[in-house]
Structures are given as structure tokens and as C-alpha cells.
Undergrad: 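Below is the structure I would like to discuss, written out as C-alpha cells.
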Protein chains: 2
Amino acid sequence: MKAYKIPEATVQRLSIYSRHLAQLISEGVITVSSGEIARGVGVSSAQVRKDLAYFGEFGTRGVGYNVQELYSHVMRILGLNHTWNVMIVGAGKLGSALAVYKGFEDRGFKVRSVLDVSEQRIGQQLGDLVVESLAFLEDRVSRENIDIGIITVPAAAAQEVTDKLIRAGVKAILNFSPRVLKVPDSVVLRNVDLSVNLEVLSFNLSFGYNLK
Amino acid sequence: MKAYKIPEATVQRLSIYSRHLAQLISEGVITVSSGEIARGVGVSSAQVRKDLAYFGEFGTRGVGYNVQELYSHVMRILGLNHTWNVMIVGAGKLGSALAVYKGFEDRGFKVRSVLDVSEQRIGQQLGDLVVESLAFLEDRVSRENIDIGIITVPAAAAQEVTDKLIRAGVKAILNFSPRVLKVPDSVVLRNVDLSVNLEVLSFNLSFGYNLK
DNA sequence: TAGATTGTTAATCGATTAACAATC
DNA sequence: TAGATTGTTAATCGATTAACAATC
């Protein structure tokens, strides 16, 4: 546990910076300033420098940042310098969509296993994976070295699946079910609520202004 | 445009409060205090009172809040006291999953139309909807009184679809494509990045602590 | 009246922005 | 050296929390 805190907004912006830097690399840009990054992604240049300053000194005064180097640093900070092995539990519409979602693989998240309890779904082909029985959970977590579990089961089954994942050794969980999950402090949990996005839009439309 | 700003976090918490209040109603609870709501959803009681105070006085000193009344107020604040008509553009895996996602309908978001350009997808059944050609966009927006457009097309097509939706009269857009969209100030835009959630987990795992 | 809980103000905390010395 | 841009400190801004008068 570090002594200082890093704002979550900083981490989310680093993700945005890394995508922009990848774009600059593909355009053959060698050097970039905090101001150019800032204009590219719509934040202030002070914000860009401050975000980077949490993690080190990556630039050269008077010159700027080497695009390739900065990209490597940011990807390493985000932990995206290697592949994470992912298991999806729940092969309904949402789970299936996530299983074949290209955006994950592009960023180093490789879905190694998709499980479900339903006989109808077991055996179903999803890209180059086949949906397997939930009974294989423990075996697949250890065999495939699963780091992250994605939960897309109905709310009623979510805590039980969570417990199984944790017992099997998964260290992080992304929860799409509308259920508050209990996990030990050693496990990183993140909840995604798809409809809250629509609800914020609804609020904005009703109140007649953009938030923030 | 209001003179004071309401934190987005407040709006997201109101969404959480409303779900908890619905739960309390189903349990037959008549009166609730800010402290009980706070414990129920994991925030401070001052936070609950402050969030509500932006919008009015809904409680009785010394007593608390009438659950049914407070629920009605919060749902009205969020704009969820009526149905919003939604169009999904892009009937790939993600778009199809969202089209049949029960969580939306539960909160008053009714998917009225799903469009795609692909001949393979046009005609496909999704729940009680059929995927139609993108050529019908303008017609369906006006015929179905579409309020909100959800964009689940590839990045390359996202801006064009956005422009069409806006010309057709849509007032809010939820964008799942990894593309920065340009919209006029009068249109409310919200971007959802599914993989940023995994990236925050990745950062937490790499740095060995929970953020915030 | 005594006890409880709201609504609101003031204090605190944390994140963003502005400014500038360091330095290429 | 003159010009540019970083890294960092101080100022500002905004959100959360604590405290309490109002009041049921």
C-alpha cells in the first residue's frame, strides 16, 4: 500500500493518453509536448504533466517527450505491458458479447475461458472458445492462469460465483451484475452498471443541462 | 442552464439510492432515515442529505423520509418517471446484447428500434424487435419518437451515424465506439469505454493497491 | 419536554489549475 | 544566449464531511 493516493481520474486519463500516443506512433511522430497531448485528448497541459509526475520524470525540459518511450512508460504503469488472462462467467447475451469483444484483446486482455450453468449454452462456440460447464471453474482458473474474472450471471448467482472465483485464486473481479458483492481486501473489485449511463443522460435531458 | 453545478457523483448516487428505496418498498418499509439509507448503500449520512438537498426538502426533522414519497422524488429528479425511447445503431454482439438487456427496460429505457447496415443482420430477431436497415433511421426516429441513440457501430462509422441521429432529432447519445464524437452543445453525449474498467483493474493489480 | 433526525453552514479534504524556476 | 517546455509548488476550486440549530 503506497503512502500517497493516485486519483482514479488520473488512471483513466493515462488510458486515454496511451491510446493517443499509439495514434501518434502510427503517424510517425517522434516528439510530443504536454500541450500537444492535452489538445489531442481535451484536457489541460498541466493536467497531463501532473498525471505523469505521479509516476516519474519521462520528458526533457525544453524539448518534450519521446512518443515511443512515453507510450512504453504509460503502458507499463497501467500494467498493460503483458497479457492478462480473463475468465467470463455467464454466457448470456452480455457475456457472449464481451467474450468476442475486440477492444479487450487489443489492450492485452485475453479471454481464455467462458463458463455457464445452462445446458443450452454449454458447447456453444464463441470465436475460438467453447462455452464450458461452471463445474470446470477451479480447473480452468489454475490451468489457464486466470488473473481476472468477469461476472455476467444473474444477480442471484453473482455472490456464489464470486466466492468460487476467489477460492480458485482470481485476484480481480469485474462485476456486471446488479448486486453488491462481498470480497476480501486482497481482491480488487470493480462494478459496472450499464444503465447508470443512460440514467445520467436521462437526468441531463430532464434538467436541461450538461453536468460537471 | 442552472447557476449552480450538481456533481455527477451525486446523480450516480441518486441512482443507487433509488434502487435501494425500491428494495425497501418491496419489503414494506414506510419510513427511513438518511443514516439507514447510508448504511444500506455504503456512503455517509451527510452525503445522502447533501445529495438530496440539491433538489429540495423531502424529509421531516426528527422523523426521516417517507420511503414511497422519497422514491417518487428521486425517480422524478433522474427523469425516470416516464419511458425514454431508445434506438440502437449497430446490431453486432454488443448492440444485440444491449437490445435485449433487461436492466434498461427495468429503469424505463425502451429499445424501440435496432438498425444495422449488414444484410446478414437485417431481419434478425432480437426479443420482439427485428433488425432493420440503417436507411430507416430518420423514419424510425420520428415514428418511434426516439429520445436517445446508442451507438455500437465500428469506430469508422460512428461519426456518420452520430450526424444522422442528430439530424433526425435525437437529443442524447450514448457512445460505445472508441471514437471521440463531435456533437453540438444542444445534444447530450456520454461515452462508455468497456475496456477502461479492465485497465483500472490492471493498474490496481500492478500497483498492488485499491485506488481512491 | 426529551429524543431523534433533518437541512444547512462551516471546516476539511482532495483534485485541478496557474505560475514559474529549472533546464534543455 | 533566447526560446521552449518540463517538473513542481502554491493557489484555486470543488466535493465531502462534521457539526449543529431547527424542528418534528
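Side chains are part of it too, since the values below use all heavy atoms of this structure and drop only hydrogens, waters and symmetry mates. Just so we're on the same page: letters track the sequence lines, and every chain starts at 1.
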Undergrad: Is the centre of the A/Phe207 ring less than 6.0 Å from the centre of the B/Tyr54 ring?
TA: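 Centroid distance A/Phe207-B/Tyr54: not below 6.0 Å, so no.
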Undergrad: Is the shortest distance from a Lys or Arg side-chain nitrogen in B/Arg13 or B/Glu8 to a carboxylate oxygen in the other one below 4.0 Å?
TA: no
Undergrad: Shortest non-hydrogen contact from B/Thr83 to B/Asp147?
TA: O-OD2, 4.4 Å
Undergrad: A/Ser45 near the nucleic acid: base, sugar-phosphate alone, or nothing, with a heavy-atom cut-off under 4.0 Å?
TA: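 No contact.
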Undergrad: Regarding A/Glu199 and B/Ser15, do their side chains bring together a donor and an acceptor under 3.5 Å, going by distance alone?
TA: yes
Undergrad: Can you check the A/Ile37 CD1 to D/dT6 C1' distance for me, whole Å?
TA: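 Checked: the CD1 to C1' distance equals 12 Å.
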Undergrad: Considering all heavy atoms of both residues, which atom of A/Val67 and which atom of A/Leu21 are nearest to each other, and what is their separation?
TA: CG1-O, 3.8 Å
Undergrad: Can you tell me the distance, in whole Å, between the CD atom of A/Glu36 and the P atom of D/dA4?
TA: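 Spelled out: CD on A/Glu36 to P on D/dA4 is 13 Å.
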Undergrad: Can you check whether B/Tyr65 has a side-chain N or O nearer than 4.0 Å to OP1 or OP2 of C/dG7?
TA: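 Checking C/dG7 against B/Tyr65, a side-chain N or O does come within under 4.0 Å of OP1 or OP2.
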Undergrad: I would like to know whether A/Ser195 and B/Arg19 meet side-chain hydrogen bond (donor to acceptor under 3.5 Å, both in side chains); could you show each step before the answer?
TA: CA-CA 12 Å; A/Ser195 74; B/Arg19 283 162 214 253; 3.1 Å; yes
Undergrad: On the nucleotide D/dT6, are OP1 or OP2 found under 4.0 Å from the side-chain N or O atoms that A/Ser34 carries?
TA: yes
Undergrad: Take the protein atom CD1 of B/Ile6 and the nucleotide atom P of D/dG14, then report the distance between them rounded to whole Å.
TA: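 Rounded to the whole Å, the gap is 14 Å.
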Undergrad: What residues in residues 19-28 of chain A put a non-hydrogen atom under 4.0 Å from any atom of DNA chain D?
TA: none
Undergrad: How would nucleotides 16-24 of chain D be written as a contact map, 5' to 3', with B for base contact, S for sugar-phosphate-only contact and - for no contact, using protein heavy atoms under 4.0 Å?
TA: BSBB--BBB
Undergrad: Please report the shortest heavy-atom distance between A/Ala91 and A/Val114, naming the atom on each side.
TA: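 Result for this residue pair: CB-CG1, 3.8 Å.
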Undergrad: Looking at A/Glu138 and A/Lys164, is there a salt bridge between them, counting it only when a charged N and a carboxylate O are closer than 4.0 Å?
TA: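 Salt bridge absent between A/Lys164 and A/Glu138.
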Undergrad: Take atom CD of B/Glu57 and atom P of C/dT5, then tell me their distance rounded to the nearest Å.
TA: 18 Å
Undergrad: Tell me, which stems hold DNA chain C, with a stem being 3 or more Watson-Crick or G-U pairs in a row and both distances under 3.5 Å?
TA: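 Paired runs of 3+ in DNA chain C: C:3-24 with D:3-24.
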Undergrad: Taking all non-hydrogen atoms of both residues, which atom of A/Ala97 and which atom of B/Lys93 are closest, and how far apart?
TA: CB-O, 3.5 Å
Undergrad: Does a donor on one side chain sit under 3.5 Å from an acceptor on the other, for B/Asn175 and B/Asn191?
TA: yes
Undergrad: Do you know which two heavy atoms are closest between B/Asn81 and B/Arg76, and how far apart they sit?
TA: ND2-CG, 3.7 Å
